[in-house]
Each structure stands twice: as structure tokens, then as C-alpha cells.
Trainee: 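What follows is a single structure, and I will ask about it in a moment.
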Amino acid sequence: MCPSNDDILCIVQNVLSTMANTDVETCPITEVDRNSLKLAGCVQISGEWQGAIVLRTSERFVRNAAAQMLQTQADELIESDLQDVLAEITNMIGGNIKSQMPGPSFLSIPSVTSGQSFEFQLNGARVLSQTHVCCGDEQLNVLIWESSKCLP
């Protein structure tokens, strides 16, 4: 039911290479520095399958992607630019993952959260999968949350 880590890596590679001219590769979970992941993008899926796709990443990852997407210098970007770009990346990756889940289903508008110390929690849901990718030294974690309504 859930896309494999290889499928998710392929989706992330396709989205980021197309949108931000950025290459990514898998990185082992032991190399993930969760303290640097200060931004989160989320889209929820409703319908036959219910859950959410959450991207956790660093500001530098989003800043580098935004500079490529907006064709500007990374240091010229403002907070709203970063939020808009993370929302769009979340929307594209989430939409591609949604297409691999049971349907019909609908994708919500993306939301973005930033902060030093926060945890994402989706009531009545559990993490179904986690895929960790790296672009250079920067990380992007893709989490698929499944609603308890889908659980046996």
C-alpha cells in the first residue's frame, strides 16, 4: 500500500531535479541531525486512504532550493520565499505520493511550520514510513502518516 523508500527517493529526485535543479541521494538514518530540521511542510490526504505527507528539513536546504527555483541569490531570500518554496515542494512530492495510494483521494493545501523545537503530531495517526535524503550536507526527511481510519 505504501510506496517503498526507493519509490519515494525517485519521487523526491524527480521533483527536486525538475523544480530546483538539485540532486539528492539517500542518507542513512544515523546521519540525520534532527536538531537542524527546523522547517516542516505538510499536506493531508483524504478519501479512500487518509493520512499526511510531512517533509522535515533545514533552512539551508530550502534556501538552496529556493535560490535555484527563484533564480536569485540565497542570501536575498526572505522568510516568505522559503515558506512558499517549501509549500510548493511539499505539494509536488505529496501529490506524487498520493497518486500511489488507494484512491480516489484529495490533497489539501500545503502548510508550513518553522521553529527550534517542535514535534508534528497527527491525531489518530502513526508514521507509516520515513525516507531520509541528502543534498550535499543538507537533509530532507519524508514521513508518511497514516490515519487510524485506515488501520485494520
Trainee: As an exercise, state the distance from CD1 of Ile53 to CG of Asn91, rounded to the nearest 0.5 Å.
Mentor: 11.5 Å
Trainee: Run the side-chain contact (heavy atoms from CB on, under 4.5 Å) test on Glu79 and Ser114 for me, step by step, so that the C-alpha distance in whole Å, both residues' side-chain angles and the decisive distance to 0.1 Å come before the verdict.
Mentor: CA-CA 10 Å; Glu79 184 72 22; Ser114 62; 3.9 Å; yes
Trainee: More than 12 heavy atoms of other residues, nucleotides or ligands under 6.0 Å from CD of Glu76: is that the case?
Mentor: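 Yes, because the 6.0 Å sphere around CD of Glu76 holds more than 12 heavy atoms from other groups.
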Trainee: Could you walk me through whether Leu55 and Thr57 pass the side-chain contact (heavy atoms from CB on, under 4.5 Å) test, one step at a time?
Mentor: CA-CA 6 Å; Leu55 305 184; Thr57 192; 5.8 Å; no
Trainee: Quick one: closest heavy-atom pair of Leu70 and Val85, and the distance?
Mentor: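 Looks like CD1-CG2, 4.2 Å.
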Trainee: Hydrophobic cluster membership, with links at side-chain heavy-atom distances under 4.5 Å among I/L/V/M/F/W/Y: are Val54 and Val127 in one?
Mentor: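 Yes.
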Trainee: Taking Leu77's backbone N and O only, do any of them form a donor-acceptor pair with Asp81's side chain (distance below 3.5 Å, no angle check)?
Mentor: no
Trainee: Counting N and O atoms only, with roles assigned by atom type, does the side chain of Thr22 sit under 3.5 Å from a partner on the main chain of Ala20, one being a donor and the other an acceptor?
Mentor: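 Answer holds: yes.
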Trainee: Supply the atom-to-atom distance Lys38 NZ to Ser58 OG, rounded to the nearest 0.5 angstrom.
Mentor: 9.5 Å
Trainee: SG of Cys135 to CZ of Arg60: how many Å apart, nearest 0.5 Å?
Mentor: 11.0 Å
Trainee: Among Ser147, Pro102, Ser105, find the residue that satisfies the side-chain contact (heavy atoms from CB on, under 4.5 Å) test when tested with Gln50.
Mentor: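 Output: one option passes, namely Ser147.
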Trainee: Please report the shortest heavy-atom distance between Ile8 and Ser129, naming the atom on each side.
Mentor: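 Result for this residue pair: CD1-OG, 3.8 Å.
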Trainee: Which distance, rounded to the nearest 0.5 Å, do you find between the CZ of Arg56 and the OG1 of Thr113?
Mentor: 9.0 Å
Trainee: Would you compute the distance between atom CD1 of Ile144 and atom CD of Gln100 and round it to the nearest 0.5 angstrom?
Mentor: 8.5 Å
Trainee: Starting at CD1 of Ile11, measure out to CG of Asn14 and round the result to the nearest 0.5 Å.
Mentor: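 Nearest 0.5 Å value for the CD1-CG distance: 8.0 Å.
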Trainee: Shortest non-hydrogen contact from Cys134 to Gln139?
Mentor: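 Shortest heavy-atom separation between Cys134 and Gln139 comes out as SG-CG, 4.2 Å.
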Trainee: For residues Trp145 and Gln44, is any side-chain donor paired with an opposing acceptor at under 3.5 Å?
Mentor: no
Trainee: For Val24, does its backbone N or O pair with a side-chain atom of Gln13 as donor and acceptor, under 3.5 Å?
Mentor: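 Yes, the answer is positive, given that a donor and an acceptor are paired below the 3.5 Å cut-off.
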Trainee: Hey, does Ile97 have a side-chain heavy atom less than 4.5 Å from the side chain of Pro3?
Mentor: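 A side-chain contact under 4.5 Å exists here.
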Trainee: Side chains of Trp49 and Lys98: closer than 4.5 Å at any heavy-atom pair?
Mentor: no
Trainee: For the residue pair Ile89 and Leu16, establish whether any side-chain heavy-atom pair is separated by less than 4.5 Å.
Mentor: yes
Trainee: Here's a test for you: under side-chain contact (heavy atoms from CB on, under 4.5 Å), which of Leu140, Asp137, Val133 qualifies with Phe61?
Mentor: Leu140
Trainee: Specify the closest pair of heavy atoms between Leu82 and Ala66, including all atoms of both residues, with the distance to one decimal.
Mentor: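 Distance-wise, the nearest heavy atoms are CD2-CB, 4.2 Å.
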Trainee: Answer yes or no: is there a donor N or O on one side and an acceptor on the other, between the side chain of Arg63 and the main chain of Ala74, under 3.5 Å?
Mentor: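 Yes, the answer is positive, given that a donor and an acceptor are paired below the 3.5 Å cut-off.
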Trainee: Tell me whether the count of non-hydrogen atoms from other residues, nucleotides or ligands lying under 6.0 Å of CD in Gln73 goes above 12.
Mentor: no
Trainee: Assess, by modelled atom type and distance only, whether the side chains of Ser99 and Asn96 contain a donor and an acceptor separated by less than 3.5 Å.
Mentor: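 Result is no, nothing qualifies.
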Trainee: Is there a side-chain contact between Ile93 and Val12 in this structure, where contact means two heavy atoms from C-beta onward sitting under 4.5 Å apart?
Mentor: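 Yes - at least one pair of side-chain heavy atoms lies under 4.5 Å apart.
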